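Encoded as structure tokens, the structure appears first; notes follow it.
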Amino acid sequence: LGGVVMLLSEAQIEQLSAAIAEAERRTDAELVTVLARQADDYRPITIMWAALASLALAPVVLSFAWLDAGHILLLQWMLFLCLTIIFRLPGLAPRLVPGSIKRSRAQSLARCQFLSNELHHTAGASGILIFVSEAEHYVEILADRGINQHVQPDCWDQIVEAFVSRVKEGQTFEGFLGCVSACGELLAKHAPATSEKNELPNRVVLLR
């Protein structure tokens, strides 16, 4: 599991799995939870920032008469390489990326996870994905058409907002538990269980 396991301990994962099982016991929905450390490595964007900083160095050092073009080029390359390495430090890359790009990457990953976890193939189109990307403070709940017939998409907004607040406070696990519990309550009301089933694993999916 690499570094992602640090976000949730094994005990927390087991507790979350039990909460998912309990929520599913009361509804026909199939819940899958996915936790990603970050939605993308943003390498091209960090390289772009390093390149722009290196280009901006030239006008600054031109005032030093003893530096010729060769020395300036060397300084630019050194700055570029140093910044490229620095920008790869954990947690730094997302801080350099515009919010709209981070949101777009997180949304894309959420939809990929919905498909890769077979949530679109459940009986009665009852799959629901609870997705969170830690670095972007991004949370999304995606429901298949069978659930959307009973629960309007905007019904999830308050649950998502509460989860995002917990993630921003570094309380990802508590946010997950609260989210699963709230989803269970909502689904038990609008899409109650009509049969006993468990098509998909309850264990949280951790992404590197």
Side-chain angles (χ1 to χ4, degrees), residues 4 7-8 12-40 94 99-194 197-207:
V4 178
L7 297 176
L8 293 178
Q12 289 173 331
I13 291 171
E14 293 302 323
Q15 190 175 344
L16 182 55
S17 297
I20 295 168
E22 174 59 25
E24 288 186 344
R25 186 182 62 80
R26 305 168 60 195
T27 176
D28 277 341
E30 282 288 336
L31 293 171
V32 170
T33 57
V34 175
L35 170 62
R37 179 173 289 281
Q38 63 183 55
D40 197 328
S100 59
I101 294 178
K102 290 191 289 186
R103 181 176 181 83
S104 176
R105 299 291 171 83
Q107 285 179 332
S108 178
L109 182 57
R111 280 146 185 77
C112 287
Q113 287 300 306
F114 189 92
L115 297 176
S116 64
N117 284 285
E118 303 291 323
L119 281 158
H120 58 308
H121 286 159
T122 59
S126 59
I128 294 180
L129 173 69
I130 301 174
F131 174 87
V132 56
S133 187
E134 251 256 336
E136 290 82 4
H137 299 157
Y138 181 86
V139 174
E140 186 170 8
I141 298 175
L142 293 173
D144 207 351
R145 61 187 183 280
I147 298 300
N148 285 334
Q149 292 174 358
H150 305 287
V151 183
Q152 294 299 313
D154 58 4
C155 289
W156 307 110
D157 291 349
Q158 188 173 357
I159 299 175
V160 168
E161 289 174 7
F163 196 171
V164 169
S165 296
R166 287 298 189 95
V167 173
K168 288 180 177 179
E169 295 170 358
Q171 300 176 349
T172 301
F173 171 66
E174 292 80 2
F176 250 131
L177 280 182
C179 180
V180 170
S181 176
C183 287
E185 292 288 338
L186 186 64
L187 292 166
K189 179 180 179 180
H190 295 286
T194 58
K197 61 184 179 68
N198 189 24
E199 299 177 63
L200 300 173
N202 296 331
R203 191 173 178 87
V204 62
V205 177
L206 298 175
L207 302 181

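Just so we're clear, the structure is a prediction, and the values are computed from it rather than from any experiment.
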Contact summary for [X] and [Y], nearest pair of heavy atoms:
X      : Y      : result
Leu129 : Ala110 : CD2-O, 3.1 Å
Thr172 : Phe163 : O-CE2, 3.7 Å
Ala123 : Ser126 : O-OG, 3.0 Å

Before you tell me yes or no, could you show the steps for Cys183 and Ile130 under side chain to side chain contact (heavy atoms under 4.5 Å, CB included), namely the whole-Å CA-CA distance, both residues' side-chain angles and the distance that decides it to 0.1 Å?
CA-CA 9 Å; Cys183 287; Ile130 301 174; 4.0 Å; yes
Measuring from atom [atom1] of [X] to atom [atom2] of [Y], what distance do you get when rounded to the nearest 0.5 angstrom?
X      : Y      : atom1 : atom2 : result
Leu35  : Leu207 : CG    : CG    : 7.5 Å
Cys155 : Ile141 : SG    : CD1   : 10.5 Å
His150 : Leu186 : NE2   : CG    : 12.0 Å
Leu109 : Ser133 : CG    : OG    : 6.5 Å
Glu30  : Ile20  : CD    : CD1   : 10.5 Å
Ile128 : Thr122 : CD1   : OG1   : 9.0 Å

Should we say atom CD of Gln158 is surrounded by more than 12 heavy atoms from elsewhere, each under 6.0 Å from it?
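For Gln158, atom CD is not crowded (no more than 12 foreign heavy atoms under 6.0 Å).
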With side chains defined as the heavy atoms from C-beta onward, is the minimum distance between [X] and [Y] less than 4.5 Å?
X      : Y      : value
Phe176 : Gln12  : no
Thr33  : Cys179 : no
Leu119 : Asp144 : no

Once side-chain contact (heavy atoms from CB on, under 4.5 Å) is applied, do any residues pair with [X], and if so which ones, sequence neighbours excluded?
X      : result
Ala19  : Leu177, Val180
Thr27  : Ala29, Leu187, Ala191
Gln149 : none
Ser17  : Ile13, Arg203

[X]: what forms a side chain to side chain donor-acceptor pair (under 3.5 Å) with it, not counting sequence neighbours?
X      : value
His121 : Glu118
Glu140 : Arg111, Tyr138
Asn117 : Gln113
Arg105 : Asp40

If you look only at pairs with a residue in residues 15-28, which of them pass as a salt bridge (charged side-chain N to carboxylate O under 4.0 Å, His left out), with sequence neighbours excluded?
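Found Glu22-Arg25, Arg26-Glu185.
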Determine which pairs satisfy salt bridge (charged side-chain N to carboxylate O under 4.0 Å, His left out) with at least one residue from residues 164-178, sequence neighbours left out, and list them in order.
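For residues 164-178, and leaving out neighbouring residues, there are no salt bridge (charged side-chain N to carboxylate O under 4.0 Å, His left out) pairs at all.
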Mind checking ring pair (Phe, Tyr, Trp, His ring centres under 6.0 Å) for Phe131 and listing every partner two or more places apart, or none if nothing turns up?
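Result, ring pair (Phe, Tyr, Trp, His ring centres under 6.0 Å) vs Phe131: none returned.
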Ser181 (side chain) donor-acceptor with Gly178 (main chain) under 3.5 angstrom
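The answer is no, because no donor-acceptor pair under 3.5 Å joins these two groups.
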For Glu136, which residues count as a salt bridge (charged side-chain N to carboxylate O under 4.0 Å, His left out) partner, sequence neighbours excluded?
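Counting only residues at least two positions away or on another chain, Glu136 forms no salt bridge (charged side-chain N to carboxylate O under 4.0 Å, His left out).
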